[in-house]
Amino acid sequence: MLATVAALALIAASVAGSWWWFQRPEPATPSVDLPADQGASTLVAVTDRDQLLAAWLVSAHPTHADRVVVLPPSLLAVVPGYGEQALTEAYAFADIDLVGLTITNLLGVRLDAIVNLTVEDLSRVLIQPIDIDIPDPLMVRDGNIERIAIAAGNQPRDASQIATLLAERGTGDELDLLFRQAKTAEGLLAGIRNDASLADRLTANAPGIATQTLLAAAQDDAALVTTLPVSRADALSADLENYVFNASDVATYVEQAFPHLAMAPEPRTVVEILNGNGGIGVTAPVAEQLVLAGYRVLKTDNAARDDYPTTQVIAQGRQHQQEALEIQRLLGLGEVLLEIRQPSGVFDVVIIVGRDI
């Protein structure tokens, strides 16, 4: 009888356990409330010392398709205040904020937050490996032979392997590297989908909107992970590998990819900023102010002389006079002039920074 009672008790416990297993609540997926009209955007960058390894522009919106756009670190663009440079050089010049400003200037889009992760940060926040699907192995040259550094397939990758996928070009070109970076981004989104706390750890030192952006993009199974459509730049040396994004394609691309992030209607007002007071770094803060207001800074340089007492905002033709007036109001100083004899065919407004700044 005791044996029978014990058996019945075991059966009852088993039934109760099975009932609890099937009736247990599913893990709650965090609800993400993004601004209804604007959505949210975050630049996620992975760096190592003074080198930019990877840059992802993550965009999330309640109705538009969520996207992760992979940008080449060697992408050539106008770095406001520094001239045309690669993104990784912008990072070496200053910090990740200058990289973000360069992307905003190039695409004319809003960045709500920036996340800068070092390789050491990845080791700390990735508590467990993340599944990443690499169709082809990462091959590296070792002397006269090639060996497999990262095996192909959908496999768990730890922080060390992820750092290699983000940084190592291997025997291919940078487009191959960008493809692996895109697959890594897909893996991280899936990791966040399975463990929402990963988003918190990745964005620990960033504003809360960064966490919201990653969570929203991860919840969207149809989120698109793509690379920026770039082309190889002409190089004087075969060892140099830089890429460019055609400025004439910007308006179409932004309208298709993330219209909610556009800061101003295209075509944006194109501005040249010249140093006319001889100071060091005086064009950079002016360029930043203009870029964040939706203008496109195409060039910064020195003026023909360095003794301008007052900043000049010069409209290149009557059709740009109103834009010059708006820039003067934005800067809060300077005088507005009109160039009608030989207006620039490239710039809409030319600013000569004087000693009043």
Side-chain angles (χ1 to χ4, degrees), residues 25-36 38-48 52-71 95-97 99-100 103 109-134 154-163 165-167 180-227 257-258 260-261:
E26 292 294 328
T29 301
S31 176
V32 181
D33 295 323
L34 297 173
Q38 298 181 343
S41 65
T42 295
L43 174 65
V44 178
V46 181
T47 59
D48 185 18
L52 177 67
L53 301 182
W56 299 314
L57 175 55
V58 185
S59 168
H61 191 275
T63 57
H64 292 290
D66 297 338
R67 286 180 178 267
V68 179
V69 178
V70 183
L71 299 105
D95 52 28
I96 198 61
D97 289 335
V99 175
I103 294 170
V109 297
R110 183 185 88 246
L111 289 181
D112 297 317
I114 296 177
V115 177
N116 185 10
L117 295 166
T118 66
V119 173
E120 291 76 15
D121 291 332
L122 285 177
S123 298
R124 186 175 65 256
V125 303
L126 293 175
I127 298 174
Q128 58 187 7
I130 300 294
D131 288 342
I132 298 176
D133 187 8
I134 306 298
N154 189 12
Q155 300 182 22
R157 319 284 182 175
D158 60 21
S160 175
Q161 291 174 309
I162 289 175
L165 288 173
L166 295 178
R180 290 191 294 271
Q181 291 182 348
K183 302 302 288 186
T184 302
E186 288 180 355
L188 285 173
L189 286 183
I192 293 172
R193 194 177 306 125
N194 296 329
D195 177 12
S197 67
L198 176 57
D200 292 321
R201 296 195 300 274
L202 288 169
T203 60
N205 298 320
I209 193 68
T211 310
Q212 290 181 296
T213 307
L214 294 188
L215 284 172
Q219 289 174 17
D220 184 0
D221 292 337
L224 302 174
V225 181
T226 61
T227 59
F258 21 65
H260 52 285
L261 298 182

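Remark: side-chain polar atoms of R110 are paired, donor with acceptor, to backbone N or O of Q38 under 3.5 angstrom. Judged purely by atom type and a 3.5 angstrom limit, R193 uses its side chain to pair as donor or acceptor with the backbone of A218. In this structure, the side chain of Q181 engages the main chain of L53 through a donor-acceptor pair within 3.5 Å. No donor-acceptor distance shorter than 3.5 angstrom exists from the side chain of R67 to the backbone of F258, with no hydrogens or angles considered.
The CD1 atom of I134 lies 5.0 Å from the CG atom of L165; values are rounded to the nearest 0.5 Å. Here the CD1-CD1 distance, from I114 to I96, works out to 6.5 Å after rounding to the nearest 0.5 Å. Note that CG of L215 and OG1 of T203 are 7.5 Å apart. Values are rounded to the nearest 0.5 Å. Within the model, atoms CG of L261 and CG of D112 stand 7.0 Å from one another, a figure rounded to the nearest 0.5 Å. Atom CG in L57 sits 6.0 Å away from atom CG in L111 (nearest 0.5 Å). Interatomic distance, CD1 of I130 versus CG of D195, reported as 8.0 Å (0.5 Å rounding).
Residues I192 and L202 have side chains in contact (heavy-atom distance under 4.5 Å, counting atoms from C-beta outward). With a 4.5 Å cut-off on side-chain heavy atoms, S41 and V109 do not count as touching. Between T211 and T42, every side-chain heavy-atom pair lies at or beyond the 4.5 Å cut-off. Using a 4.5 Å cut-off on side-chain heavy atoms (C-beta onward), L188 and L126 make contact. You'll find the side chain of I132 stays beyond 4.5 Å of the side chain of Q161, heavy atoms only.
Remark: the T118 side chain and the D121 side chain contain an N/O donor-acceptor pair separated by less than 3.5 Å.
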Practice task
May I have the step-by-step check of side-chain contact (heavy atoms from CB on, under 4.5 Å) for T47 and L117, ending in yes or no?
Solution key: CA-CA 6 Å; T47 59; L117 295 166; over 6 Å; no

Handout entry: Test side-chain contact (heavy atoms from CB on, under 4.5 Å) applied to L166 and L122, step by step
Key = CA-CA 11 Å; L166 295 178; L122 285 177; 4.2 Å; yes

Handout entry: Evaluation steps, side-chain contact (heavy atoms from CB on, under 4.5 Å), between V58 and V115
Key = CA-CA 11 Å; V58 185; V115 177; over 6 Å; no

Handout entry: Candidate pair E186 and D133, rule side-chain contact (heavy atoms from CB on, under 4.5 Å), full reasoning
Key = CA-CA 9 Å; E186 288 180 355; D133 187 8; over 6 Å; no

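More than 12 heavy atoms of other shown residues, nucleotides or ligands fall within 6.0 angstrom of atom CG in D158.
Residues A185 and V225 come closest through the heavy atom pair CB-CG1, 4.1 Å. The heavy-atom pair separating A163 from V119 by the smallest distance is CB-CG1, 3.9 Å. Across A60 and A216, no two heavy atoms sit closer than the pair CB-CB, 3.7 Å. Taking every heavy atom of both residues into account, A223 and A217 meet most closely at CB-O, 3.6 Å. In terms of heavy atoms, P129 sits closest to P156 at CB-CB, 3.7 Å.
Of the residues listed (V68, L198, N194, D220), the one engaging L189 in a side-chain contact (heavy atoms from CB on, under 4.5 Å) is V68, and it is the only one.
Taking the six-membered ring for Trp and thresholds of 30 and 60 degrees, H260 and H61 have ring planes inclined between 30 and 60 degrees apart.
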